[in-house]
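Position 1 is the first residue of the sequence, and the numbers go up from there.
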Amino acid sequence: MSGKKGIGMFSLNKKPAGTFIVEYCGEVVTQKECMRRLGYDYIGEKHKYLMVLTRDLVVDATRKGNYARFINHSCEPNCEVDIANMFL
């Protein structure tokens, strides 16, 4: 646990800038579907893991994501996203 924010991950060693860490996995959904889930499906859930890909698409890792969802959910993030391939 990372304080009051929930589950978080920390590296045991320093990573050079630009190092690939992990692929972020989840369901690719439309912005409209994301808003529906937030309004109905996820009510009462303390943590939600959503990453905006484009103006219209979001990766929802809340229920079907991998451990990458716990990385960089921080008030001081230090990783960046590189969208290399996107399969729908």
Notebook entry, point to check: Is any side-chain heavy atom of L38 less than 4.5 Å from a side-chain heavy atom of K48?
Noted result: yes
Check: Is E45 salt-bridged to R37, going by a charged N under 4.0 Å from an acidic O?
Finding: no
Notebook entry, point to check: Does D60 use its side chain to pair, donor to acceptor, with the backbone of E27 at less than 3.5 Å?
Noted result: no
Item checked: Flag side-chain contact, heavy atom, 4.5 Å: Y67 against V22 -> yes
Notebook entry, point to check: Does any N or O in the side chain of S11 come within less than 3.5 Å of the main-chain N or O of K14, such that one atom is a donor and the other an acceptor?
Noted result: no
Check: Considering all heavy atoms of both residues, which atom of C25 and which atom of A61 are nearest to each other, and what is their separation?
Finding: O-CB, 3.4 Å
Check: If you round to the nearest 0.5 Å, how far is CZ of F70 from NE2 of H47?
Finding: 9.0 Å
Note to self: For the CE atom of M51 and the CG atom of L57, what is their distance to the nearest 0.5 Å?
What the structure shows: 13.0 Å
Checklist line | Over all atoms of both residues, closest heavy-atom pair of C34 and V58 | finding: SG-CG1, 4.0 Å
Check: Going by heavy atoms in the side chains, are I21 and I71 under 4.5 Å from each other?
Finding: yes
Notebook entry, point to check: So, T62 side chain and Y49 main chain: donor-acceptor pair closer than 3.5 Å or not?
Noted result: yes
Note to self: For the CE atom of M35 and the OG1 atom of T30, what is their distance to the nearest 0.5 Å?
What the structure shows: 11.0 Å
